Amino acid sequence: MSAAERAEPGLVCAFAVTRTPPGPSALASVPGHEEGGPLRVLDAGGLYVVVQDVPETLFGEQALAERLNRPADLERSARAHHRAVEAATGTGGPEAGGAGAAAGAAVVPLPMATLYRGDRSALRAVDERRPVLEALLDRLRDRTEWAVKVHAAEGSVDAAPGPPAGPEGSGSGSGGRAYLSRASARRRDRQEAHGKARTEAEAIDAELRRHAVAATRHRPQSERLTGRRTPQLLNAAYLVENADRDAFTRALAALTAEGGRPSVRADASGPWIPYSFARWDEEPVPETGRREVPA
């Protein structure tokens, strides 16, 4: 890409809104989209928007649709977006990772590829949504997101192959009845194992909700995406007070301990910027109204 293309003016890509503008050093160390200019901050009168100038030839409607339809470009764009959102917390940079979210300022991450034609359009959009953004920033202050995925355990009946082929002529006589009986028993065992795994996944979710102020479930990912042979039973996110993090992580450790729940395997990650609870274009996930749980 030529220097002229890289510097071409055009659109403004907006990444996040905050009440505390990140300092120059937090922005300077983050590249954002490699085709755009440096990250900068727009003052929206008490709210601040982290943005980047990007060329219209590469980020216009048709060019953007083509870009996001290419897996490698989609992944690169998503990583650039996340880096810029982290920078908005004031903790961005190559070494920040997800953990920086806990120590930084509250931010409302905007959807990836939120584009405006110039600063004025971006500021107008923020002003039109000011009450929602203010409420979200209040809600997300001193809180982070934790992700938990629960799968049926490897080797469970869910993942087992079907019954072996019956003997020749198995459709009649005692051999056929025995084969059908075995197939029925395996099907019943598979259903029972699936039910037990689902019950354990629901118990994990119920326990974690006791330590969170809000929780939401995402669509379970397919086995093609997870790379596992067993189904994903729970794909959840939890909004946790930073002050309650120790209690939440202790609960996580107990729930994900090897052998604690033999029918499932649970994986957790966090703390993250609370993307799942910060959509300005959706109804907020209700808080759980949890009671206080002894540490």
Side-chain angles (χ1 to χ4, degrees), residues 14-20 22 26-27 29-30 32 39 50 74-114 133 135-151 204-205 207-221 225-226 232 234-253 255-256 265-282 284-288 290:
F15 299 101
V17 177
T18 180
R19 288 194 182 109
T20 307
L27 295 181
S29 61
V30 178
L39 297 184
V50 174
L74 173 61
E75 181 179 358
R76 188 164 59 249
S77 295
R79 290 182 181 278
H81 181 83
H82 181 64
R83 287 194 303 266
V85 173
E86 282 195 324
T89 70
T91 60
E95 306 302 324
V107 300
V108 175
L110 304 182
M112 190 172 72
T114 298
L133 290 166
L136 282 171
L137 287 166
D138 286 342
R139 184 174 192 247
L140 300 178
R141 185 173 58 245
D142 298 325
R143 294 171 173 177
T144 49
E145 177 174 330
W146 293 75
V148 176
K149 302 179 191 299
V150 179
H151 294 79
I204 288 173
D205 180 52
E207 174 63 19
L208 292 178
R209 284 172 183 262
R210 295 175 64 229
H211 301 277
V213 294
T216 188
R217 293 192 184 192
H218 302 301
R219 184 190 302 275
Q221 296 172 312
L225 290 176
T226 65
Q232 188 174 91
L234 180 69
N235 182 12
Y238 303 89
L239 185 64
V240 179
E241 295 272 8
N242 290 343
D244 294 337
R245 186 195 302 182
D246 288 347
F248 185 84
T249 54
R250 281 197 299 271
L252 268 180
L255 293 167
T256 58
R265 293 291 180 268
D267 300 306
S269 62
W272 302 107
I273 294 167
Y275 286 92
S276 299
F277 304 91
R279 292 297 300 270
W280 70 352
D281 54 351
E282 294 179 356
V285 177
E287 298 202 357
T288 61
R290 79 199 192 295

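Every value quoted in this text rests on a predicted model; they were computed, and no experiment measured them.
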Kindly write out the residues that satisfy side chain to side chain donor-acceptor pair (under 3.5 Å) with [X], not counting sequence neighbours, or none if the list is empty.
{"X": "D205", "result": "R209, R217, Y238"}
{"X": "R19", "result": "E134, D138"}
{"X": "D246", "result": "none"}
{"X": "T249", "result": "none"}

Measuring from atom [atom1] of [X] to atom [atom2] of [Y], what distance do you get when rounded to the nearest 0.5 angstrom?
{"X": "L252", "Y": "L208", "atom1": "CG", "atom2": "CG", "value": "5.0 Å"}
{"X": "L239", "Y": "R143", "atom1": "CG", "atom2": "CZ", "value": "5.5 Å"}
{"X": "T20", "Y": "R141", "atom1": "OG1", "atom2": "CZ", "value": "10.0 Å"}

Whether Y275 and H81 hold their rings parallel, tilted or perpendicular, with breakpoints at 30° and 60°: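 Tilted.
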Where is the tightest heavy-atom contact between [X] and [Y], given as atom of each residue plus distance?
{"X": "L27", "Y": "A87", "value": "CD2-CB, 4.1 Å"}
{"X": "M112", "Y": "L74", "value": "CE-CD1, 3.6 Å"}
{"X": "P111", "Y": "T114", "value": "O-OG1, 2.5 Å"}
{"X": "P109", "Y": "I273", "value": "CG-CG2, 3.7 Å"}
{"X": "L137", "Y": "A106", "value": "CD2-O, 3.5 Å"}

Neighbour count above 12 (heavy atom, 6.0 Å) for R79 CZ: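 At most 12 heavy atoms, drawn from other residues, nucleotides or ligands, come within 6.0 Å of this atom.
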Partners meeting side chain to side chain contact (heavy atoms under 4.5 Å, CB included) with A237 (sequence neighbours left out):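 With sequence neighbours excluded, A237 shows a side chain to side chain contact (heavy atoms under 4.5 Å, CB included) to E145, T216, H218, S276, F277, given in chain and number order.
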Under the side chain to side chain contact (heavy atoms under 4.5 Å, CB included) test, residues paired with A84 that sit two or more places apart: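 Once residues adjacent in sequence are excluded, the partners of A84 under the side chain to side chain contact (heavy atoms under 4.5 Å, CB included) criterion are F15, L39.
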Check: Q221 main-chain N/O paired with Q232 side-chain donor or acceptor under 3.5 Å: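 Such a contact is found between Q232 side chain and Q221 backbone.
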Heavy-atom donor-acceptor pair, N235 side chain to R219 backbone, under 3.5 Å: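 Yes; at least one donor-acceptor contact below 3.5 Å.
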Salt-bridge contact R210-E207 (side-chain N to carboxylate O under 4.0 Å):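 Yes, R210 and E207 are salt-bridged.
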T89 and T18: CA distance, side-chain angles, deciding distance, side-chain contact (heavy atoms from CB on, under 4.5 Å) verdict: CA-CA 8 Å; T89 70; T18 180; over 6 Å; no
Evaluation steps, side-chain contact (heavy atoms from CB on, under 4.5 Å), between D244 and H211: CA-CA 7 Å; D244 294 337; H211 301 277; 5.9 Å; no
